[in-house]
Amino acid sequence: MQFNAPRGTKDILPPASLKWQYIEKVAREVFANYNYDEIRTPIFEYTELFQRGIGEVTDIVEKEMYTFEDKGGRSLTLRPEGTASVIRSFLENKIYGQAQPTKYYYIGPMFRYERPQSGRFRQFHQLGVEAIGSNDPALDAEIISLGMRFLSNFGLEDLSLHLNSVGCKYCRPKYIEILKDYLINNRELLCNDCKARIDRNPLRVLDCKNERCQSVIDDAPKIVDHLCRECYGHFSSVQAYLDILKINYYINPKLVRGLDYYTNTAFEIKDSHLGAQDTVFGGGRYNGLAEEIGGKKIPGIGFALGIERLLLSIKAQNIEIPIEKGIDLYITVIGENAKKEAFRLNDLLRNTGFKTEMDYLDRSVRSQMKSADRMNADYTIILGEDELENDSATIRNMKTGNEKLIKLSSLINEMKQLVYGEEVV
RNA sequence: GUGGGUGUAGCUCAGUUGGCUAGAGCGCAGGAUUGUGGCUCCUGAGGCCGUGGGUUCAAGCCCCAUCACCCACCCCA
């Protein structure tokens, strides 16, 4: 019986894992540069946290959660996103007692039960950033610019920033009513899905991809025109800050995000090179979330970036991620005694800090050289019985093909000189 | 959950209207070079043709079912 990885999950093997490490390394550098610190929360939480945080009527909660009962009868859920956990932790650990704002980032797997397709998996990975404890529109702009800065490290092109405001708990319901009226009046022009959405989730009609609905949607009342004074001011201010940083954005009245906790600013970065799932990262403000999960009223803003989608984007644009390959030295051996000495030298070289390798399959010199070549070894030494007797070995530069005879006792110094260019004292 | 597509060697794929021992390129292993990689050449290993039924003298090919993967819808990272 052979097993497959469960549907929607993937093994991340080398060399892909090296790309992941590179992305994570860049992320940690950029996030640190903006003074964000890492937070690590549990992979699973009480189911109720997500039900209340994300919203009962969202797709995530209604049909996408990996929920199970533990032996103590508690209902737990594999996290479908990161923000709810971060805010739960913020409240639980009373971080609001410290100087604000609090700036966190996280990296890790998320789980949603969905049919996999391009850019969508059941276990996927997000890089997320949260700035908690301030409603300053400048932070909205900082979060967005941070995401853009991170992406700029990869040389991606044709990325578009979509921006919108979804209002607050006071002005959004009023807008929804206005939108609903409009949709009801134009009901006959909508597709069947949208007809059903009018009651269930009228905002969803706005991002329907069906061509029939487009004309109706284009003329629909825009939420921007129905924001309360405060929300409108916030939205204008975010734009002003983005302008200062010369970040281009596209005001997209159809941008409505699927999670209930969003307020005010909503944004997405899309890559036109991707398929149907083209959002590389998305996020927004969530000023109501803390209260929703039973805490104080604490504002926050953040984004989550899909690592798989970033990788797809990088691939689609033919960008090479620099991965460290190659070793400093490959030790080729002939015979048992030479192998023992090679084994000792290999250990010594590694302890000195060199990346080295040797043969473990008792293969011919020719095969060992082939291996060295495939491993991208800078140098090889050849150790046989003759060399052992003379405490010497041939060291070969694999790029030039030059060889010279050296004393084994001076191998470390020789390598230091060759690899680091250090003068031997 | 719904729809479409695809399953043949480690990988990418050929395989004529069903017909004898199922192929190529790449990769892998060994050799040409009794102890030296990349180029070239030779040789070799590796396939219950996704799985289970059915039709047929005969199935990789036809039919049914099932599973997996891909893409799209829904929705989102």
Side-chain angles (χ1 to χ4, degrees), chain A residues 1-10 13 54 57-64 79-83 107-128 147 191-194 196-197 200-201 203-204 207-210 255-259 262 266 268-271 274-283 302-313 330-335 338 359 361 363-387 393-403:
Chain A
M1 173 77 184
Q2 271 241 33
F3 288 102
N4 295 334
R7 160 167 274 201
T9 68
K10 285 248 192 306
L13 307 164
I54 297 169
V57 296
T58 57
D59 275 17
I60 290 180
V61 172
E62 277 182 347
K63 53 184 193 186
E64 295 174 3
R79 63 182 185 194
E81 59 98 47
T83 304
I107 300 178
M110 305 294 163
F111 306 84
R112 293 184 200 173
Y113 188 86
E114 297 186 88
R115 282 287 286 272
Q117 70 186 75
S118 181
R120 169 181 298 158
F121 308 93
R122 289 186 171 178
Q123 175 174 338
F124 60 103
H125 299 77
Q126 289 186 332
L127 289 166
C191 68
N192 289 333
D193 285 343
C194 282
R197 286 185 186 122
R200 297 203 63 205
N201 200 342
L203 287 177
R204 280 273 145 248
D207 65 357
C208 179
K209 288 164 191 161
N210 193 311
L255 174 60
V256 289
R257 301 189 51 76
L259 285 56
Y262 284 113
E268 288 186 1
I269 293 283
K270 291 170 180 290
D271 179 356
L274 262 37
Q277 314 304 327
D278 59 355
T279 301
V280 178
F281 75 80
F303 72 71
L305 178 146
I307 299 181
E308 285 86 353
R309 288 193 188 170
L310 173 60
L311 249 4
L312 281 176
S313 193
Y330 186 97
I331 306 173
T332 300
V333 300
I334 305 140
D359 176 64
L361 291 167
R363 292 181 300 182
S364 65
V365 172
R366 189 180 121 84
S367 298
Q368 294 184 55
M369 291 299 286
K370 268 187 153 178
S371 289
D373 188 45
R374 274 196 308 262
M375 282 176 205
N376 241 313
D378 290 330
Y379 298 92
T380 54
I381 57 170
I382 298 163
L383 249 190
E385 304 295 331
D386 298 345
E387 285 88 345
T394 304
I395 185 160
R396 177 183 178 87
N397 181 321
M398 294 296 275
K399 292 197 176 59
T400 65
N402 294 335
E403 291 187 349

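Every chain is numbered from 1, with letters handed out A, B, ... down the list of sequences. Hydrogens, waters and symmetry mates play no part in the numbers below; they use all other heavy atoms, side chains included.
For the P atoms, the distance linking B:G38 with B:A32 amounts to 13 Å, nearest Å. Here the separation of B:U40 from B:U33, taken at their C1' atoms, is 13 Å to the nearest Å.
Under the 3.5 Å distance criterion, with hydrogens and angles disregarded, no donor-acceptor pair is assigned to the side chains of A:Gln123 and A:Thr9. Using a 3.5 Å distance cut-off with no hydrogens or angles, the side chains of A:Ser371 and A:Arg363 do pair a donor with an acceptor.
Once rounded to the nearest 0.5 Å, the distance linking CE of A:Met398 with OH of A:Tyr379 reads 12.0 Å. Of the inter-residue distances, the one linking A:Leu274 atom CG with A:Arg309 atom CZ reads 7.5 Å to the nearest 0.5 angstrom. Atom OG of A:Ser313 sits about 9.5 Å away from atom CG of A:Leu305, to the nearest 0.5 Å.
In terms of polar N and O atoms assigned as donor or acceptor, the side chain of A:Gln277 never comes within less than 3.5 Å of the base of B:A72 in a complementary pairing. Between the base of B:U36 and the side chain of A:Glu403 there is a donor-acceptor pair shorter than 3.5 Å. For B:G35, the base has a donor-acceptor partner in the side chain of A:Glu387 [N/O atoms by modelled type, under 3.5 angstrom]. Evaluation of atom-type donor-acceptor distances gives no pair under 3.5 Å for the side chain of A:Arg115 against the base of B:G1. Side-chain N/O atoms of A:Arg112 and base N/O atoms of B:C75 include no donor-acceptor pair closer than 3.5 Å.
Taking a pair to require two hydrogen-bonding distances under 3.5 Å in either a Watson-Crick or a G-U wobble arrangement, B:G1 pairs with B:C73. When Watson-Crick and G-U wobble pairs are counted only if both distances are under 3.5 Å, B:C41 pairs with B:G31.
Along RNA chain B, the nucleotide closest to A:Val280 and the one closest to A:Pro116 are compared, and the more 5′ of them pairs with A:Pro116. Comparing A:Gly8 and A:Gly119, the nucleotide of RNA chain B nearest to each residue sits closer to the 5' end for A:Gly8.
The side chain of A:Ala276 sits closest to B:C73 out of B:U36, B:C73, B:C74. Side-chain proximity of A:Val365 to B:G35, B:A77, B:A68: nearest is B:G35. Picking from B:U36, B:C75, B:A77 the nucleotide with the shortest atom distance to the side chain of A:Ala304 gives B:A77.
Spacing between atom CG of A:Leu310 and atom C1' of B:A77 amounts to 11 Å, rounded to whole angstrom units.
Taking 4.0 angstrom as the limit, A:Gln117 places a side-chain polar atom (N or O) nearer than this to OP1 or OP2 of B:C73. Using a 4.0 Å cut-off, some side-chain N or O of A:Ser118 falls inside it from OP1 or OP2 of B:C71. Dashed line: the shortest gap from a side-chain N or O of A:Arg7 to OP1 or OP2 of B:C69 is under 4.0 Å.
Contacts of A:Phe124 with the nucleic acid, taken as non-hydrogen atoms under 4.0 Å apart, include base atoms.
The residue from A:Thr58, A:Ile60, A:Asp59 that alone fulfils the side chain to side chain contact (heavy atoms under 4.5 Å, CB included) condition with A:Pro80 is A:Ile60.
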Using a 4.0 Å heavy-atom cut-off, write out nucleotides 25-30 of chain B from 5' to 3' as B (base contacted by protein), S (sugar-phosphate only) or - (no contact).
---SSS
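With A:Phe111 as the aromatic partner, A:Arg79 does not meet the cation-pi criteria of under 6.0 angstrom to the ring centre and within 45 degrees of the ring axis.
Ion pairing between A:Arg120 and A:Glu114 holds under the 4.0 Å rule for side-chain N and carboxylate O.
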